[in-house]
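Shown next, in C-alpha coordinates, is the structure this report addresses.
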Protein chains: 2
Amino acid sequence: MPLSDLDKERLARLEKSERTFPAGQEIYQGGDENRNLYVVKHGWAFSYTDLPDGRRQIVKIHHPGDIIGFPDVALKHATTTLRTVENVCLCPFPKSSLDEILRKSPRLSALLISIALRDHVVLIDVLRAMGRMSAQERISYMLLDLLARLRITNRRMTDTFRLPMTQSQIADYLGLTNVYISKTFLRLEREGFIQRDQDQVRILKESEMIELTDFHDRYAEMDTSWFPQD
Amino acid sequence: MPLSDLDKERLARLEKSERTFPAGQEIYQGGDENRNLYVVKHGWAFSYTDLPDGRRQIVKIHHPGDIIGFPDVALKHATTTLRTVENVCLCPFPKSSLDEILRKSPRLSALLISIALRDHVVLIDVLRAMGRMSAQERISYMLLDLLARLRITNRRMTDTFRLPMTQSQIADYLGLTNVYISKTFLRLEREGFIQRDQDQVRILKESEMIELTDFHDRYAEMDTSWFPQD
DNA sequence: CGTGTCATTGATTAGTCTCAAAGACAGTGG
DNA sequence: CCACTGTCTTTGAGACTAATCAATGACACG
(Lines give C-alpha, C1' and ligand atoms only; values in the text may rest on other atoms or scores of the structure.)
Protein backbone atom coordinates (compact mmCIF):
# COMPACT_ATOMS: atom_id res chain seq x y z
CA MET A 1 0.00 0.00 0.00
CA PRO A 2 1.42 3.42 -0.91
CA LEU A 3 2.43 5.54 2.09
CA SER A 4 3.84 9.00 2.37
CA ASP A 5 7.49 9.33 3.38
CA LEU A 6 6.34 10.79 6.65
CA ASP A 7 4.18 7.75 7.37
CA LYS A 8 6.98 5.41 6.41
CA GLU A 9 9.17 7.19 8.87
CA ARG A 10 6.52 6.90 11.57
CA LEU A 11 6.37 3.17 10.98
CA ALA A 12 10.15 2.86 11.03
CA ARG A 13 10.21 4.66 14.35
CA LEU A 14 8.17 1.86 15.91
CA GLU A 15 11.05 -0.50 15.19
CA LYS A 16 13.74 1.80 16.52
CA SER A 17 14.69 -0.28 19.54
CA GLU A 18 14.99 -4.04 19.46
CA ARG A 19 15.56 -6.82 21.96
CA THR A 20 16.28 -10.52 21.58
CA PHE A 21 14.89 -13.30 23.74
CA PRO A 22 15.88 -16.97 24.03
CA ALA A 23 13.51 -19.84 23.27
CA GLY A 24 10.77 -20.60 25.78
CA GLN A 25 10.92 -17.27 27.56
CA GLU A 26 7.98 -15.30 28.91
CA ILE A 27 8.08 -11.67 27.91
CA TYR A 28 5.05 -10.38 29.77
CA GLN A 29 2.28 -12.04 31.70
CA GLY A 30 -1.47 -11.79 31.85
CA GLY A 31 -2.38 -9.17 34.44
CA ASP A 32 0.77 -7.10 33.92
CA GLU A 33 0.23 -3.44 33.37
CA ASN A 34 -0.12 -2.81 29.73
CA ARG A 35 2.84 -0.76 28.66
CA ASN A 36 4.23 -1.79 25.28
CA LEU A 37 3.34 -3.24 21.96
CA TYR A 38 5.86 -5.25 19.98
CA VAL A 39 6.76 -5.73 16.36
CA VAL A 40 8.21 -9.16 15.61
CA LYS A 41 11.54 -8.88 13.77
CA HIS A 42 12.24 -12.62 13.59
CA GLY A 43 11.30 -15.87 15.31
CA TRP A 44 7.94 -17.27 16.41
CA ALA A 45 6.13 -16.54 19.64
CA PHE A 46 2.62 -17.06 20.97
CA SER A 47 0.12 -15.55 23.39
CA TYR A 48 -1.80 -17.79 25.76
CA THR A 49 -4.01 -17.86 28.83
CA ASP A 50 -4.23 -20.51 31.50
CA LEU A 51 -7.19 -21.60 33.55
CA PRO A 52 -6.49 -21.79 37.28
CA ASP A 53 -6.18 -25.59 37.10
CA GLY A 54 -3.52 -25.39 34.42
CA ARG A 55 -5.49 -25.95 31.23
CA ARG A 56 -3.88 -23.74 28.62
CA GLN A 57 -5.23 -22.06 25.52
CA ILE A 58 -2.87 -20.50 23.01
CA VAL A 59 -4.85 -17.72 21.37
CA LYS A 60 -2.46 -16.39 18.77
CA ILE A 61 0.75 -17.43 17.09
CA HIS A 62 2.99 -14.50 16.24
CA HIS A 63 5.24 -14.43 13.19
CA PRO A 64 7.81 -11.97 11.86
CA GLY A 65 6.01 -8.82 10.80
CA ASP A 66 3.17 -9.17 13.31
CA ILE A 67 2.24 -6.56 15.85
CA ILE A 68 1.79 -8.11 19.28
CA GLY A 69 -0.59 -6.79 21.89
CA PHE A 70 -3.05 -4.76 19.88
CA PRO A 71 -6.23 -6.15 21.45
CA ASP A 72 -4.94 -5.37 24.92
CA VAL A 73 -4.63 -1.69 24.07
CA ALA A 74 -8.26 -1.26 25.04
CA LEU A 75 -7.66 -2.58 28.55
CA LYS A 76 -5.60 -1.60 31.55
CA HIS A 77 -3.93 -4.98 31.94
CA ALA A 78 -2.58 -7.58 29.56
CA THR A 79 -5.04 -10.45 29.13
CA THR A 80 -2.56 -12.99 27.81
CA THR A 81 0.98 -14.13 28.46
CA LEU A 82 3.54 -13.79 25.69
CA ARG A 83 6.05 -16.60 25.26
CA THR A 84 8.74 -17.28 22.67
CA VAL A 85 8.79 -20.50 20.67
CA GLU A 86 12.42 -20.07 19.66
CA ASN A 87 15.00 -17.28 19.62
CA VAL A 88 13.07 -14.14 18.90
CA CYS A 89 13.83 -10.51 18.16
CA LEU A 90 11.15 -7.98 19.10
CA CYS A 91 10.82 -4.21 18.77
CA PRO A 92 8.92 -2.83 21.74
CA PHE A 93 7.15 0.50 21.40
CA PRO A 94 4.90 2.31 23.85
CA LYS A 95 1.13 2.41 23.58
CA SER A 96 1.38 6.17 23.38
CA SER A 97 2.91 5.93 19.90
CA LEU A 98 -0.57 4.99 18.75
CA ASP A 99 -1.90 8.23 20.15
CA GLU A 100 0.46 10.15 17.91
CA ILE A 101 -0.42 8.13 14.84
CA LEU A 102 -4.13 8.62 15.49
CA ARG A 103 -3.67 12.36 15.79
CA LYS A 104 -1.28 12.86 12.91
CA SER A 105 -2.02 10.26 10.26
CA PRO A 106 -5.54 9.07 9.47
CA ARG A 107 -4.18 6.89 6.70
CA LEU A 108 -1.70 5.06 8.90
CA SER A 109 -4.40 4.78 11.55
CA ALA A 110 -6.66 3.07 9.06
CA LEU A 111 -3.86 0.68 8.14
CA LEU A 112 -3.14 -0.32 11.72
CA ILE A 113 -6.82 -0.68 12.48
CA SER A 114 -7.29 -2.85 9.42
CA ILE A 115 -4.50 -5.15 10.49
CA ALA A 116 -6.06 -5.45 13.94
CA LEU A 117 -9.48 -6.14 12.43
CA ARG A 118 -8.06 -8.70 10.03
CA ASP A 119 -6.60 -10.49 13.06
CA HIS A 120 -10.05 -10.34 14.58
CA VAL A 121 -11.55 -12.01 11.51
CA VAL A 122 -8.88 -14.69 11.56
CA LEU A 123 -9.69 -15.31 15.21
CA ILE A 124 -13.33 -15.79 14.23
CA ASP A 125 -12.17 -18.44 11.78
CA VAL A 126 -10.19 -20.13 14.54
CA LEU A 127 -13.27 -20.03 16.75
CA ARG A 128 -15.27 -21.75 14.04
CA ALA A 129 -12.61 -24.41 13.77
CA MET A 130 -12.61 -24.99 17.52
CA GLY A 131 -16.36 -25.05 17.81
CA ARG A 132 -17.30 -27.17 14.85
CA MET A 133 -14.34 -29.06 13.40
CA SER A 134 -12.87 -32.49 14.13
CA ALA A 135 -9.23 -32.88 15.11
CA GLN A 136 -8.21 -33.68 11.56
CA GLU A 137 -9.99 -30.61 10.23
CA ARG A 138 -8.53 -28.38 12.90
CA ILE A 139 -4.96 -29.39 12.14
CA SER A 140 -5.59 -28.97 8.42
CA TYR A 141 -7.04 -25.54 9.06
CA MET A 142 -4.06 -24.53 11.17
CA LEU A 143 -1.57 -25.64 8.52
CA LEU A 144 -3.43 -23.76 5.80
CA ASP A 145 -3.58 -20.65 7.93
CA LEU A 146 0.13 -20.81 8.70
CA LEU A 147 0.89 -21.27 5.03
CA ALA A 148 -1.24 -18.30 4.03
CA ARG A 149 0.28 -16.17 6.77
CA LEU A 150 3.85 -17.08 5.92
CA ARG A 151 3.28 -16.43 2.23
CA ILE A 152 2.67 -12.75 3.00
CA THR A 153 6.21 -12.11 4.08
CA ASN A 154 7.88 -14.83 2.01
CA ARG A 155 6.70 -14.67 -1.56
CA ARG A 156 8.53 -17.69 -2.88
CA MET A 157 7.15 -20.13 -0.32
CA THR A 158 5.27 -22.89 -2.03
CA ASP A 159 4.07 -25.88 -0.06
CA THR A 160 6.72 -26.48 2.58
CA PHE A 161 7.39 -24.59 5.77
CA ARG A 162 9.05 -24.87 9.13
CA LEU A 163 6.76 -25.56 12.09
CA PRO A 164 8.88 -25.00 15.19
CA MET A 165 6.09 -25.60 17.72
CA THR A 166 5.90 -28.77 19.79
CA GLN A 167 2.84 -30.97 19.58
CA SER A 168 1.84 -29.91 23.08
CA GLN A 169 1.82 -26.30 21.93
CA ILE A 170 -0.20 -27.20 18.85
CA ALA A 171 -2.61 -29.02 21.14
CA ASP A 172 -2.96 -25.95 23.33
CA TYR A 173 -3.68 -23.91 20.24
CA LEU A 174 -6.30 -26.27 18.80
CA GLY A 175 -8.00 -27.28 22.04
CA LEU A 176 -6.82 -30.90 21.89
CA THR A 177 -4.19 -33.00 23.67
CA ASN A 178 -0.61 -33.65 22.59
CA VAL A 179 -1.36 -37.35 22.26
CA TYR A 180 -4.22 -36.76 19.90
CA ILE A 181 -2.20 -34.27 17.87
CA SER A 182 0.41 -36.96 17.37
CA LYS A 183 -2.15 -39.52 16.29
CA THR A 184 -3.89 -37.11 13.97
CA PHE A 185 -0.65 -35.95 12.35
CA LEU A 186 0.24 -39.56 11.67
CA ARG A 187 -3.16 -40.10 10.16
CA LEU A 188 -2.82 -37.02 7.93
CA GLU A 189 0.52 -38.39 6.77
CA ARG A 190 -0.84 -41.89 6.23
CA GLU A 191 -3.69 -40.48 4.15
CA GLY A 192 -1.30 -38.46 2.02
CA PHE A 193 -2.32 -34.95 3.05
CA ILE A 194 1.07 -33.94 4.39
CA GLN A 195 4.67 -35.04 4.82
CA ARG A 196 6.86 -34.26 7.80
CA ASP A 197 10.61 -34.21 8.19
CA GLN A 198 12.11 -32.81 11.37
CA ASP A 199 10.21 -29.58 11.89
CA GLN A 200 9.43 -29.16 8.19
CA VAL A 201 5.88 -29.73 7.02
CA ARG A 202 4.90 -30.17 3.42
CA ILE A 203 1.31 -29.75 2.29
CA LEU A 204 0.56 -32.31 -0.39
CA LYS A 205 -3.16 -31.85 -0.95
CA GLU A 206 -3.73 -28.18 -0.40
CA SER A 207 -6.91 -27.93 -2.44
CA GLU A 208 -8.51 -30.92 -0.72
CA MET A 209 -7.62 -29.44 2.64
CA ILE A 210 -9.08 -26.08 1.61
CA GLU A 211 -12.28 -27.85 0.66
CA LEU A 212 -12.29 -29.94 3.84
CA THR A 213 -12.06 -26.89 6.07
CA ASP A 214 -13.81 -24.32 3.86
CA PHE A 215 -10.67 -22.25 4.21
CA HIS A 216 -10.54 -18.57 3.32
CA ASP A 217 -7.32 -16.64 2.98
CA ARG A 218 -8.21 -13.50 4.91
CA TYR A 219 -4.76 -12.09 4.34
CA ALA A 220 -5.48 -11.86 0.62
CA GLU A 221 -8.98 -10.41 0.99
CA MET A 222 -8.17 -7.11 2.62
CA ASP A 223 -9.88 -3.94 1.50
CA THR A 224 -7.86 -0.73 1.60
CA SER A 225 -10.10 1.20 -0.77
CA TRP A 226 -11.88 3.13 1.98
CA PHE A 227 -8.68 4.46 3.54
CA PRO A 228 -8.45 8.23 3.94
CA GLN A 229 -5.87 9.90 1.72
CA ASP A 230 -3.47 11.74 3.93
CA MET B 1 -16.46 9.17 28.68
CA PRO B 2 -16.54 12.90 28.08
CA LEU B 3 -16.98 13.87 24.43
CA SER B 4 -17.12 17.21 22.71
CA ASP B 5 -20.49 18.35 21.38
CA LEU B 6 -19.15 17.90 17.89
CA ASP B 7 -18.23 14.29 18.58
CA LYS B 8 -21.60 13.64 20.19
CA GLU B 9 -23.22 14.91 17.07
CA ARG B 10 -21.02 12.69 14.91
CA LEU B 11 -22.13 9.71 16.94
CA ALA B 12 -25.77 10.73 16.74
CA ARG B 13 -25.46 10.95 12.98
CA LEU B 14 -24.63 7.25 12.82
CA GLU B 15 -28.07 6.52 14.22
CA LYS B 16 -29.90 8.86 11.87
CA SER B 17 -31.74 6.21 9.87
CA GLU B 18 -33.32 3.15 11.39
CA ARG B 19 -34.98 -0.02 10.19
CA THR B 20 -36.88 -2.76 11.95
CA PHE B 21 -36.70 -6.47 11.19
CA PRO B 22 -38.90 -9.37 12.33
CA ALA B 23 -37.58 -12.33 14.33
CA GLY B 24 -35.48 -14.91 12.53
CA GLN B 25 -34.62 -12.72 9.57
CA GLU B 26 -31.29 -12.58 7.76
CA ILE B 27 -30.07 -9.05 7.20
CA TYR B 28 -26.92 -9.73 5.22
CA GLN B 29 -25.04 -12.86 4.31
CA GLY B 30 -21.44 -13.99 4.35
CA GLY B 31 -19.90 -13.10 1.01
CA ASP B 32 -22.09 -10.06 0.43
CA GLU B 33 -20.30 -6.91 -0.48
CA ASN B 34 -19.47 -5.05 2.64
CA ARG B 35 -21.47 -1.87 2.59
CA ASN B 36 -22.89 -0.93 5.98
CA LEU B 37 -22.29 -1.13 9.65
CA TYR B 38 -25.20 -1.20 12.09
CA VAL B 39 -25.93 0.14 15.51
CA VAL B 40 -28.40 -1.99 17.46
CA LYS B 41 -31.31 0.09 18.79
CA HIS B 42 -33.22 -2.76 20.38
CA GLY B 43 -33.57 -6.52 20.19
CA TRP B 44 -31.00 -9.31 19.98
CA ALA B 45 -29.27 -10.59 16.86
CA PHE B 46 -26.27 -12.76 16.10
CA SER B 47 -23.59 -13.29 13.48
CA TYR B 48 -22.73 -16.79 12.33
CA THR B 49 -20.91 -18.83 9.71
CA ASP B 50 -21.81 -22.23 8.34
CA LEU B 51 -19.55 -24.98 7.11
CA PRO B 52 -20.55 -26.39 3.72
CA ASP B 53 -22.13 -29.45 5.37
CA GLY B 54 -24.35 -27.30 7.56
CA ARG B 55 -22.47 -27.20 10.83
CA ARG B 56 -23.01 -23.72 12.23
CA GLN B 57 -20.96 -21.51 14.50
CA ILE B 58 -22.43 -18.38 16.00
CA VAL B 59 -19.52 -16.04 16.54
CA LYS B 60 -21.11 -13.05 18.21
CA ILE B 61 -24.35 -12.18 19.94
CA HIS B 62 -25.39 -8.57 19.40
CA HIS B 63 -27.24 -6.52 21.99
CA PRO B 64 -28.71 -3.03 22.03
CA GLY B 65 -25.86 -0.53 21.88
CA ASP B 66 -23.52 -2.81 19.92
CA ILE B 67 -21.95 -1.92 16.62
CA ILE B 68 -22.32 -4.75 14.14
CA GLY B 69 -19.83 -5.47 11.40
CA PHE B 70 -16.68 -3.79 12.61
CA PRO B 71 -14.28 -6.70 11.97
CA ASP B 72 -15.49 -6.96 8.39
CA VAL B 73 -14.46 -3.39 7.67
CA ALA B 74 -10.97 -4.66 6.89
CA LEU B 75 -12.25 -6.97 4.16
CA LYS B 76 -14.06 -6.61 0.87
CA HIS B 77 -16.82 -9.06 1.73
CA ALA B 78 -18.78 -9.88 4.84
CA THR B 79 -17.44 -12.98 6.57
CA THR B 80 -20.53 -13.77 8.60
CA THR B 81 -24.29 -13.80 8.20
CA LEU B 82 -26.37 -11.53 10.42
CA ARG B 83 -29.65 -12.90 11.76
CA THR B 84 -32.19 -11.53 14.20
CA VAL B 85 -33.20 -13.46 17.31
CA GLU B 86 -36.40 -11.46 17.79
CA ASN B 87 -37.85 -8.17 16.56
CA VAL B 88 -34.92 -5.87 16.09
CA CYS B 89 -34.33 -2.23 15.26
CA LEU B 90 -31.04 -1.37 13.59
CA CYS B 91 -29.41 1.85 12.43
CA PRO B 92 -27.38 1.21 9.29
CA PHE B 93 -24.57 3.58 8.41
CA PRO B 94 -21.99 3.38 5.62
CA LYS B 95 -18.41 2.25 6.09
CA SER B 96 -17.34 5.62 4.75
CA SER B 97 -18.59 7.32 7.91
CA LEU B 98 -15.57 5.79 9.60
CA ASP B 99 -13.33 7.55 7.14
CA GLU B 100 -14.71 10.89 8.25
CA ILE B 101 -14.35 10.07 11.92
CA LEU B 102 -10.75 8.97 11.40
CA ARG B 103 -9.93 12.19 9.61
CA LYS B 104 -11.80 14.57 11.87
CA SER B 105 -11.80 13.13 15.37
CA PRO B 106 -8.85 11.24 16.85
CA ARG B 107 -10.67 10.95 20.14
CA LEU B 108 -13.78 9.37 18.68
CA SER B 109 -11.53 7.15 16.55
CA ALA B 110 -9.81 5.93 19.69
CA LEU B 111 -13.20 5.21 21.27
CA LEU B 112 -14.49 3.18 18.34
CA ILE B 113 -11.20 1.31 18.05
CA SER B 114 -11.28 0.53 21.75
CA ILE B 115 -14.76 -0.90 21.47
CA ALA B 116 -13.66 -3.07 18.56
CA LEU B 117 -10.58 -4.21 20.46
CA ARG B 118 -12.61 -4.97 23.55
CA ASP B 119 -14.81 -7.18 21.40
CA HIS B 120 -11.64 -8.85 20.20
CA VAL B 121 -10.58 -9.55 23.77
CA VAL B 122 -14.00 -10.95 24.59
CA LEU B 123 -13.72 -13.21 21.57
CA ILE B 124 -10.40 -14.46 22.91
CA ASP B 125 -12.21 -15.35 26.12
CA VAL B 126 -14.84 -17.22 24.12
CA LEU B 127 -12.09 -19.07 22.29
CA ARG B 128 -10.60 -20.13 25.60
CA ALA B 129 -13.99 -21.38 26.71
CA MET B 130 -14.45 -23.37 23.51
CA GLY B 131 -10.97 -24.83 23.55
CA ARG B 132 -10.60 -25.78 27.16
CA MET B 133 -13.91 -25.78 29.01
CA SER B 134 -16.53 -28.47 29.62
CA ALA B 135 -20.13 -27.95 28.60
CA GLN B 136 -21.09 -26.88 32.10
CA GLU B 137 -18.29 -24.34 32.23
CA ARG B 138 -19.09 -23.00 28.80
CA ILE B 139 -22.72 -22.35 29.62
CA SER B 140 -21.71 -20.74 32.90
CA TYR B 141 -19.23 -18.56 31.06
CA MET B 142 -21.84 -17.52 28.52
CA LEU B 143 -24.35 -16.57 31.19
CA LEU B 144 -21.77 -14.51 33.08
CA ASP B 145 -20.72 -12.77 29.90
CA LEU B 146 -24.30 -11.93 28.99
CA LEU B 147 -24.91 -10.61 32.48
CA ALA B 148 -21.81 -8.41 32.36
CA ARG B 149 -22.72 -7.18 28.90
CA LEU B 150 -26.31 -6.38 29.80
CA ARG B 151 -25.25 -4.57 32.94
CA ILE B 152 -23.50 -1.94 30.84
CA THR B 153 -26.68 -0.61 29.36
CA ASN B 154 -29.01 -1.53 32.19
CA ARG B 155 -27.57 -0.40 35.47
CA ARG B 156 -30.22 -1.80 37.76
CA MET B 157 -29.97 -5.37 36.49
CA THR B 158 -29.02 -7.69 39.28
CA ASP B 159 -29.08 -11.43 38.75
CA THR B 160 -31.96 -12.08 36.38
CA PHE B 161 -32.17 -11.51 32.65
CA ARG B 162 -34.08 -12.52 29.59
CA LEU B 163 -32.39 -15.05 27.30
CA PRO B 164 -34.40 -15.08 24.09
CA MET B 165 -32.19 -17.56 22.22
CA THR B 166 -33.25 -21.15 21.62
CA GLN B 167 -31.12 -23.99 22.90
CA SER B 168 -30.09 -24.81 19.35
CA GLN B 169 -28.75 -21.29 18.96
CA ILE B 170 -26.92 -21.51 22.27
CA ALA B 171 -25.45 -24.81 21.07
CA ASP B 172 -24.24 -23.18 17.87
CA TYR B 173 -22.64 -20.47 19.94
CA LEU B 174 -20.88 -22.80 22.38
CA GLY B 175 -19.87 -25.52 19.95
CA LEU B 176 -22.22 -28.13 21.45
CA THR B 177 -25.54 -29.73 20.47
CA ASN B 178 -29.02 -28.63 21.43
CA VAL B 179 -29.57 -31.93 23.28
CA TYR B 180 -26.51 -31.46 25.40
CA ILE B 181 -27.39 -27.85 26.12
CA SER B 182 -30.72 -29.04 27.46
CA LYS B 183 -29.10 -31.67 29.66
CA THR B 184 -26.48 -29.29 30.95
CA PHE B 185 -29.01 -26.55 31.73
CA LEU B 186 -31.01 -29.07 33.72
CA ARG B 187 -27.89 -30.09 35.56
CA LEU B 188 -27.01 -26.46 36.35
CA GLU B 189 -30.51 -26.03 37.73
CA ARG B 190 -30.39 -29.26 39.70
CA GLU B 191 -27.09 -28.19 41.25
CA GLY B 192 -28.48 -24.81 42.21
CA PHE B 193 -26.40 -22.58 39.97
CA ILE B 194 -29.34 -21.10 38.09
CA GLN B 195 -33.11 -20.96 37.87
CA ARG B 196 -35.11 -20.75 34.68
CA ASP B 197 -38.63 -19.57 34.03
CA GLN B 198 -39.81 -19.13 30.46
CA ASP B 199 -36.96 -17.22 28.85
CA GLN B 200 -35.83 -15.66 32.12
CA VAL B 201 -32.60 -16.89 33.68
CA ARG B 202 -31.57 -16.19 37.22
CA ILE B 203 -27.99 -16.61 38.33
CA LEU B 204 -27.96 -17.99 41.86
CA LYS B 205 -24.27 -18.64 42.45
CA GLU B 206 -22.54 -15.93 40.54
CA SER B 207 -19.32 -16.00 42.52
CA GLU B 208 -18.94 -19.77 42.23
CA MET B 209 -19.54 -19.53 38.52
CA ILE B 210 -16.95 -16.76 38.23
CA GLU B 211 -14.49 -18.98 40.04
CA LEU B 212 -15.42 -22.02 37.96
CA THR B 213 -14.76 -20.24 34.69
CA ASP B 214 -12.07 -17.79 35.82
CA PHE B 215 -14.34 -15.09 34.45
CA HIS B 216 -13.14 -11.55 33.80
CA ASP B 217 -15.47 -8.67 33.10
CA ARG B 218 -13.71 -7.07 30.15
CA TYR B 219 -16.41 -4.45 29.87
CA ALA B 220 -15.38 -3.03 33.22
CA GLU B 221 -11.64 -3.14 32.59
CA MET B 222 -11.41 -0.70 29.72
CA ASP B 223 -8.63 1.86 29.61
CA THR B 224 -9.44 5.24 28.10
CA SER B 225 -6.52 7.06 29.66
CA TRP B 226 -4.37 6.99 26.51
CA PHE B 227 -7.02 8.61 24.31
CA PRO B 228 -6.02 11.73 22.43
CA GLN B 229 -7.69 14.90 23.61
CA ASP B 230 -9.48 16.44 20.71
C1' DC C 1 26.65 -41.70 29.79
C1' DG C 2 22.90 -39.84 32.04
C1' DT C 3 19.10 -36.51 31.76
C1' DG C 4 15.29 -34.23 29.86
C1' DT C 5 12.16 -33.12 26.33
C1' DC C 6 9.40 -34.59 22.71
C1' DA C 7 6.86 -38.02 19.84
C1' DT C 8 4.70 -42.37 19.44
C1' DT C 9 1.95 -46.33 20.89
C1' DG C 10 -1.69 -48.96 23.25
C1' DA C 11 -5.46 -49.73 26.62
C1' DT C 12 -9.09 -47.76 28.83
C1' DT C 13 -12.35 -44.10 30.07
C1' DA C 14 -15.17 -40.01 29.77
C1' DG C 15 -17.70 -36.49 27.64
C1' DT C 16 -20.40 -35.33 24.11
C1' DC C 17 -22.96 -36.64 19.89
C1' DT C 18 -26.54 -39.05 17.30
C1' DC C 19 -30.86 -40.73 16.73
C1' DA C 20 -35.49 -41.27 18.01
C1' DA C 21 -39.44 -40.28 20.53
C1' DA C 22 -42.34 -37.86 23.68
C1' DG C 23 -43.84 -33.68 26.08
C1' DA C 24 -44.79 -28.67 26.41
C1' DC C 25 -46.37 -24.78 24.51
C1' DA C 26 -47.85 -20.96 21.24
C1' DG C 27 -50.15 -19.76 17.20
C1' DT C 28 -53.70 -20.78 13.64
C1' DG C 29 -57.91 -21.67 11.57
C1' DG C 30 -62.34 -23.76 11.93
C1' DC D 1 -63.35 -23.12 22.23
C1' DC D 2 -60.96 -26.86 20.16
C1' DA D 3 -58.15 -29.52 17.19
C1' DC D 4 -54.04 -28.99 14.49
C1' DT D 5 -49.47 -27.59 13.49
C1' DG D 6 -44.92 -26.38 14.24
C1' DT D 7 -41.20 -25.21 17.15
C1' DC D 8 -38.77 -25.97 21.17
C1' DT D 9 -37.33 -28.81 25.14
C1' DT D 10 -36.71 -33.03 27.49
C1' DT D 11 -35.60 -37.92 27.84
C1' DG D 12 -33.17 -42.28 26.92
C1' DA D 13 -30.15 -45.62 24.49
C1' DG D 14 -26.18 -46.35 22.13
C1' DA D 15 -22.05 -44.82 19.44
C1' DC D 16 -17.94 -42.32 18.78
C1' DT D 17 -14.35 -38.86 19.27
C1' DA D 18 -10.98 -37.37 21.99
C1' DA D 19 -9.00 -37.59 26.81
C1' DT D 20 -6.34 -40.01 30.20
C1' DC D 21 -2.83 -42.85 31.80
C1' DA D 22 1.28 -45.29 31.21
C1' DA D 23 5.09 -46.95 28.77
C1' DT D 24 8.52 -46.83 25.14
C1' DG D 25 11.39 -44.78 21.72
C1' DA D 26 14.07 -41.00 19.61
C1' DC D 27 16.94 -37.46 20.04
C1' DA D 28 19.69 -33.41 21.84
C1' DC D 29 22.48 -31.73 25.37
C1' DG D 30 25.73 -31.38 29.03
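Proteins come first, then strands; the chains are lettered A, B, ... in the order of their sequence lines, and each starts at number 1. Since this is a predicted model, take the numbers as computed values, not measurements.
The span of DNA chain C lying next to chain B, judged by atoms under 4.0 Å from heavy atoms, is bounded 5' to 3' by dG15(C) to dC19(C).
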Inset, instruction - Would you please test Arg162(A) and Glu86(A) for salt bridge (charged side-chain N to carboxylate O under 4.0 Å, His left out) and show each step? - result: CA-CA 12 Å; Arg162(A) 194 175 59 94; Glu86(A) 51 189 346; 2.8 Å; yes
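Shown here are the salt bridge (charged side-chain N to carboxylate O under 4.0 Å, His left out) partners of Lys183(A), two or more places apart in sequence or in another chain: there are none. Here Asp53(B) pairs with Leu51(B), Arg55(B) under the side-chain contact (heavy atoms from CB on, under 4.5 Å) rule; sequence neighbours left out.
Within residues 46-61 of chain A, no residue has any heavy atom closer than 4.0 Å to DNA chain D. Against DNA chain D, the stretch residues 179-204 of chain A makes heavy-atom approaches under 4.0 Å through Val179(A), Tyr180(A). Taking a 4.0 Å limit (strictly below) on heavy-atom distances, residues 125-135 of chain A reaches DNA chain D at Ser134(A), Ala135(A).
One finds a side-chain N or O of Gln167(B) lying less than 4.0 angstrom from the OP1 or OP2 phosphate oxygen of dT10(D).
Rounded to an integer number of Å, the gap from Asn178(B) CG to dT10(D) C1' is 10 Å. The CG atom of Leu176(B) sits 16 Å away from the C1' atom of dT9(D) (whole-angstrom rounding). If you measure from atom CE of Met165(B) to atom P of dT7(D), you get 18 Å, rounded to the nearest angstrom.
Salt bridge status for Arg151(B) with Glu206(B): present, with a side-chain N to carboxylate O gap under 4.0 Å. Using a cutoff of 4.0 Å between basic side-chain nitrogens and carboxylate oxygens, Arg202(A) and Asp197(A) are not scored as salt-bridged. Salt bridge Glu18(A)/Lys41(A): present, at least one basic N to carboxylate O contact under 4.0 Å. In summary, Glu189(A) and Arg196(A) engage in a salt bridge, as defined by a charged side-chain N under 4.0 Å from a carboxylate O.
Going from atom OH of Tyr173(B) over to atom CD of Gln57(B) covers 9.0 Å, rounded to the nearest 0.5 Å.
Heavy atoms of Gly24(A) sit nowhere under 4.0 angstrom from any nucleic acid atom.
Between the Arg138(A) side chain and the Leu174(A) main chain, a donor and an acceptor come within less than 3.5 Å of each other. Although no hydrogens or angles enter the test, the distance criterion places a donor-acceptor pair under 3.5 Å between the side chain of Asp217(A) and the main chain of Tyr219(A).
Within a 6.0 Å sphere centred on CD of Glu211(A), heavy atoms belonging to other residues, nucleotides or ligands number 12 at most.
At a threshold of 4.5 Å between non-hydrogen side-chain atoms, the residues Ile203(B) and Val201(B) count as touching.
His63(B) has its ring centre less than 6.0 Å from the ring centre of Trp44(B).
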